[in-house]
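Chain naming here is simple, since letters A, B, ... match the order of the sequence lines and numbering starts at 1 in each.
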Amino acid sequence: MTRPTLRVALIGNPNCGKSTLFNALTGRRQKVANFPGVTVERVEGSYVHEGTTVSVLDLPGTYSLSPDAPDEVITYDVVHDRADGVAPVDVFVVVLDAENLERNLYLATEVLELGRPTVVVLNRVDRLPLAGMKVDVVELIHALGAIVVPTVATTQEGVERVRHCIARALDVPQSQLRNQGAVAEEYRAERRYEWIAAVMARTVTREAGTRTRPSDRVDAVLLHRVWGPLIFVAVMAIAFQALFLVATPLATVLQSALGSLSDVLRGLLPAGDFQSLLIDGVLGGVGSVVVFVPQIALLFLFIGALEDSGYLSRAAFVMDRFMRPLGLQGKSFIPLLSGYACAVPAIMATRTIPQTKERLATIMVVPLMSCSARLPVYALLISAFVPAVTIGHVITLQGLALLAMYLFGTVAALAAAAVFRRTLLRSDTRALIIEMPAYAKPTMRVLLTTVWQRVSVFLQRAGTVIFAISVILWAMGRYPQAGTPSAPVSEEAQLTQSALGQVGHAVEPLVRPLGLDWKIGVAMVASFAAREVFVSTMATMYGVPQHETVHTELAARLRDARAPGTGRPTYTRAAAFGLLAFYVFALMCTSTIAVTVRETGGGWQGARWASLQFSYMLVLAWGSAFVVYRIALALGAG
Amino acid sequence: MNLLRLWKSWRATKAARVTQERVMLDAALCAPSCTLAACFAGDRATVRQLQCTKADAMRLRSLGVYEGAKVGIVDRRNGVLLDVCGSRLALDATMAGAIVVDPTPA
């Protein structure tokens, strides 16, 4: 018979191996959500021990129990049983990094003074010999008056003992540690550390001459003013190259598998609405979700490896000086750079930023970085309207135009971040105080668990929305039907008559001042599913068959298109430049919107941030397109 | 005579300058306090005062940089890298300038 649930909360410093212990305790039985009203992640899991279901809450890493940052407020509220939507905790598990015992004991004493059932886990004891340290666990148990379990969470060593001690924690006497800090605040830490120093003297023996770590020599290079940022940029360049090399073929394999499945279904099912729903709607929707999975998995494998190796903290420190003038921090750099590949995993990567406002500002500007889905649109418009002139035998005007698109996006993202941090998301910039964890070899099992957690969160939370929107857009393109089963009409005529086509017509007054017509309006609305859909929709509108040379043929058609009646070009060069500017800044991507909603707190709170993101980018895009169009016209590009 | 007077005057000025430099150096070395930003790599120092916001001070204290803590300066080419309770803590130059310490030169 299963007894009532025992509620356990894991508390520990950042980088102490807390999440590894959490994974070791709960396996894959985990649930990721947000704490109500904040963007702090709430990770819960469970396991069954001797017939009792034990529910484990992995609290955000904290150095003390002071309500300082939002993450720390959550921990503070949970330990004082006043966190919204969190049931009172029965047993606290304080995780200590054995190598940094002295500093980790600070938080441990604060938790033990609460007088609640507590199990102290001395993690990473395998690293003690390397650090030239020995810890007398029995003496530590006497000093703290609490159960202390030595573990190596990465290899599961001691994890079963932790489960056993959690089950017994309610039956053993609670720690008698009291009032270590009942003095004025500036003396509180001193008193606490004095007590800790006495405990350290009794429990820890150090070999002489082990104060200097071998990693200090590595840090001298990696934290160097000049070499540090250069090495980091090189690491990122190599990683992203590898990411492209591996993720792109994987996504292609997944999509071609779905394509083959579509072909099979096309052969099996009679042509009609049901076939189109299954193939274009459902499989198309699944395709637009799974295409992100390889990128998300690889990006988080890479970030996880950087974090677990201890390098991420170094990178955050060296990049901080470049990001600080913008109101962002060193850790914002990786999401911004990931934005060049795809905004969806990039927004998810902002989870490494602990401060809420910095994280929100990063999320708001990431979609301005030109992602890979914009490339087909840039390529089509540039090849159609920018002359292929070589400048100085080195670079073509088309290449320069493409570079300009990426530069505009990047400059806009950095400027928008500076504006957000000085207005809506203003907060005092926190001083840079970063702990540099010891270098360690990442464990593949731990990394894969993190990757699995991220991918499943994406599939459950954003994937469902992306899928639903893809199906809705399919239906809007198919209904109302222009022809009848006996007298079918062309794809172009169907698209014109469909709800999507009507929306295109409806938005024409908005795109007309930009020198564009309703056909571009239709393509713009359709490209909400994904920006690259702009090319395929335009191809359908101009009756260009979808094969390898679609870009070249469509570019020629757009160049040669003439307005009925006047015989003047439908799309002037000025209008094309304006359209390019529009696509640099506009958030034409439902997947990004869905991920923003989820990552900024979900529900109404998330929807508010996502609408703000969409609106400011739309205003920026339309305004830039208008200005570029007008300037180009004035310069004679009409 | 004039040359001798000039030479004596030059000697006196130089001696005065050397004395002044020595006084300044002694003052710097024996200074009871300076900030972490003024310390050198390899120094050890005792934290005297945290001249920063309350939140930052609390954060520093929980990380082991409290009034009375003994810290080691591992590197100070890009901000300051500290040895605190055996772990490494990186601070930017502004933060290092806000921590008053009693240095013990290496």
Max heavy-atom pair count under 4.5 Å with chain A, selected residue of [options]:
options: Ser62(B), Ala69(B), Gly72(B); answer: Ser62(B)
options: Leu60(B), Leu63(B), Val47(B); answer: Leu63(B)
options: Val74(B), Leu91(B), Leu81(B); answer: Leu91(B)

**Asked** Thinking salt bridges, do Glu190(A) and Arg61(B) make one under a 4.0 Å N-O criterion?
**Response** no
**Request:** Give, as side chain, backbone, both or neither, the part of Leu50(B) having an atom under 4.5 angstrom from any heavy atom of chain A.
**Result:**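 It is neither, since no heavy atom gets under 4.5 Å.
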**Prompt:** Do the two ring centres, one from Tyr106(A) and one from Tyr63(A), sit under 6.0 Å apart?
**Reply:** no
**Prompt:** Are Phe232(A) and Phe333(A) close enough that their ring centers fall under 6.0 Å?
**Reply:**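 Yes - the distance between ring centres of Phe232(A) and Phe333(A) falls below the 6.0 Å cut-off.
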**Message:** With side-chain hydrogen bond (donor to acceptor under 3.5 Å, both in side chains) as the criterion, how do Tyr439(A) and Arg314(A) come out once you've worked through the C-alpha distance, each side chain's angles and the decisive distance to 0.1 Å?
**Reply:** CA-CA 10 Å; Tyr439(A) 289 107; Arg314(A) 271 93 184 162; 3.1 Å; yes
**Message:** Can you confirm whether Val80(B) sits close enough to Ile73(B) that some side-chain heavy atom of one is under 4.5 Å from a side-chain heavy atom of the other?
**Reply:** yes
**Largest heavy-atom contact set with chain B, pairs under 4.5 Å, which of Glu110(A), Glu194(A), Arg324(A), Arg103(A)** =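 Max contact count across the listed options: Arg103(A).
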